[in-house]
Amino acid sequence: MGGSESTPPPPPPVEFDKPWRDTPWDNKALLEKNLRELKLSDPKVKYIRILLAGEVGAGKSSLINSVNSVFQKRITTEALADNAGGRSFTKTYDTYYIRNGQSVLPFVFNDIMGLEPGESHGADPEDIAKALEGLLKEGHNFNPVASAKNYDCKSETSPEDLTYCLVYVIAADKVSMMNQEVFRKLRVIRQKASSLGIPQAVIMTMVDEACPLVKKDLRKIYTSKKIKEKMQECSNSVGVPVSHIFPVKNYHEESDTQNDIDVLILRALTHIVQIADDLLNRRKRGSEKC
Ligand SMILES: Nc1nc2c(ncn2[C@@H]2O[C@H](COP(=O)(O)OP(=O)(O)OP(=O)(O)O)[C@@H](O)[C@H]2O)c(=O)[nH]1
Ligand SMILES: [Mg+2]
């Protein structure tokens with residue numbers, strides 16, 4: 001029983017025996033077809049708007065580019081992404097449409113300036129609250145200096161201006177280091193979204209940076225204990241249930257699209273579009289009752 005001579009216990013396993021969520025790795029075509037042929041529950045509404053919020057450099061612009069790349073079947077970089085880091089690269093409120101042959105898909109994304117700690121840095125939560133209500137004009141400049149703000153908001157909104165899902169974009173490798181001030185700003189946005197009945201989800205990016213296993217093989221995403229731990233952390237931090245958290249890897253250095261990256265993005269998008277369309281349906285039924 002010589003304790004000092006015994007071999008140290010093996011390190012705890014880094015992988016679950018089985019994935020804890022099913023992923024249709026070999027069914028990309030169906031996921032894609034369903035989104036290309038999507039019919040919104042209110043045929044009078046042309047598209048549902050998905051608003052992306054998150055810390056500077058979390059991968060919001062890259063996510064829009066990645067979604068577009070999946071549907072164009074080639075790498076696209078319309079929503080410019082930063083490769084230097086630091087201060088927010090995106091400065092204006094812009095809508096991104098996804099082309100589908102001669103038309104566009106019935107969901108659009110809004111890229112906004114990243115959240116930063118400090119009163120006069122990064123996007124102002126008040127601006128994002130206005131975006132949720134559909135009041136921000138296209139091209140609005142997220143100037144964080146209040147005195148320089150141009151509050152030239154819309155006086156009337158169409159159903160297409162409203163936000164149908166608020167998506168927090170969080171980098172898996174940075175979630176434990178996120179600044180408290182950024183969390184405070186996220187809470188303000190979350191309260192506004194909740195008061196408007198807007199559903200919320202999380203897209204957790206940079207899974208390749210957070211877990212070497214996943215960097216080597218994306219199909220390990222739901223067997224990696226590290227990724228599950230990071231998803232739990234996201235859930236605790238922003239108060240979104242794990243069922244509404246979707247880990248993805250964005251295109252960032254690839255020159256061609258890849259099946260497994262596409263599948264994770266399409267899967268996340270399918271869920272997000274469904275919860276957004278549920279809100280459209282609720283609003284439609286609400287207006288019919290009036
Ligand atoms: N490894 C890896 N890098 C990523 C991923 N997503 C984004 N990046 C890189 O992270 C950096 C920041 O990404 P952006 O898309 O510009 O982030 P953002 O949230 O739009 O940032 P701001 O506009 O500054 O608020 C870029 O260099 C991207 O190439 C990912 O999933 N994995
Ligand atoms: Mg950006």
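As the structure lists them, so they are numbered: ligands from 1, and atoms in each ligand from 1. Below, all heavy atoms of this structure are taken into account, side chains as well, without hydrogens, waters or symmetry copies. Just so it is clear, the model here is predicted, and its values are computed rather than measured.
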Exercise. Are any non-hydrogen side-chain atoms of Cys165 and Ile275 less than 4.5 angstrom apart?
Worked result: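 They are in side-chain contact.
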
Exercise. Does any non-hydrogen side-chain atom of Glu138 lie less than 4.5 Å from one of Asp94?
Worked result: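 With C-beta onward as the side chain, the pair touches.
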
Exercise. Got a sec, which pairs hit side chain to side chain donor-acceptor pair (under 3.5 Å) with one end in residues 268-280, sequence neighbours left out?
Worked result: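 Side chain to side chain donor-acceptor pair (under 3.5 Å) check on residues 268-280 returns Ser41-Asp277.
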
Quick one: which ligand 1 atoms are inside 4.0 Å of a heavy atom on [X]?
X	value
Val56	24 (O), 25 (O)
Ser62	6 (N), 7 (C), 13 (O), 14 (P), 15 (O), 28 (C)
Glu209	1 (N)

Taking distance alone, with no angle check, do [X] and ligand 1 share an N/O pair under 3.5 Å?
X	result
Ser61	yes
Asp111	no
Val248	no
Lys249	no

Exercise. Nearest to atom 6 (N) of ligand 1 by heavy atom, Asn250, Ile112, Val207, Ile261: which?
Worked result: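 Ranked by closest heavy atom to atom 6 (N) of ligand 1, first place is Asn250.
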
Exercise. Are Ala58 and ligand 1 in contact, using a heavy-atom cut-off of under 4.0 Å?
Worked result: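 For ligand 1, residue contact (heavy atoms, under 4.0 Å) with Ala58 is present.
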
Problem set entry | Ion pair check, Arg219 and Asp260, cut-off under 4.0 Å |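 Between Asp260 and Arg219 there is a salt bridge, with a charged N closer than 4.0 Å to a carboxylate O.
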
For this session: May I ask you to say whether Lys185 pairs ionically with Glu181, meaning some side-chain N is under 4.0 Å from a carboxylate O?
Result: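 No, no charged N to carboxylate O under 4.0 Å.
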
For this session: May I ask you to identify, for Asp208, whether its side chain, its backbone, both or neither come under 4.0 Å of ligand 1 on a heavy-atom basis?
Result: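 Answer for Asp208: side chain.
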
Exercise. Using a heavy-atom cut-off of under 4.0 Å, does the side chain or the backbone of Met206 touch ligand 1, or both, or neither?
Worked result: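 For Met206, the contact with ligand 1 is made by both the backbone and the side chain.
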
Exercise. Do any of the N/O/S atoms of Ser62, backbone or side chain, fall under 2.8 Å from the Mg ion (ligand 2)?
Worked result: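 For Ser62, the answer is no, given that no N, O or S atom comes within less than 2.8 Å of the Mg ion (ligand 2).
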
Exercise. Is the centre of the Tyr47 ring less than 6.0 Å from the centre of the Tyr97 ring?
Worked result: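 Yes, close enough.
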
For this session: Output all residues satisfying side chain to side chain contact (heavy atoms under 4.5 Å, CB included) with Arg187, sequence neighbours left out; order by chain, then residue number.
Result: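 Listed in chain order: Phe183, Arg184.
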
Problem set entry | From Thr77, Asp262, Thr257, residue fulfilling side chain to side chain donor-acceptor pair (under 3.5 Å) relative to Tyr251 |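 Looking at Thr77, Asp262, Thr257, the match for Tyr251 under the side chain to side chain donor-acceptor pair (under 3.5 Å) is Asp262.
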
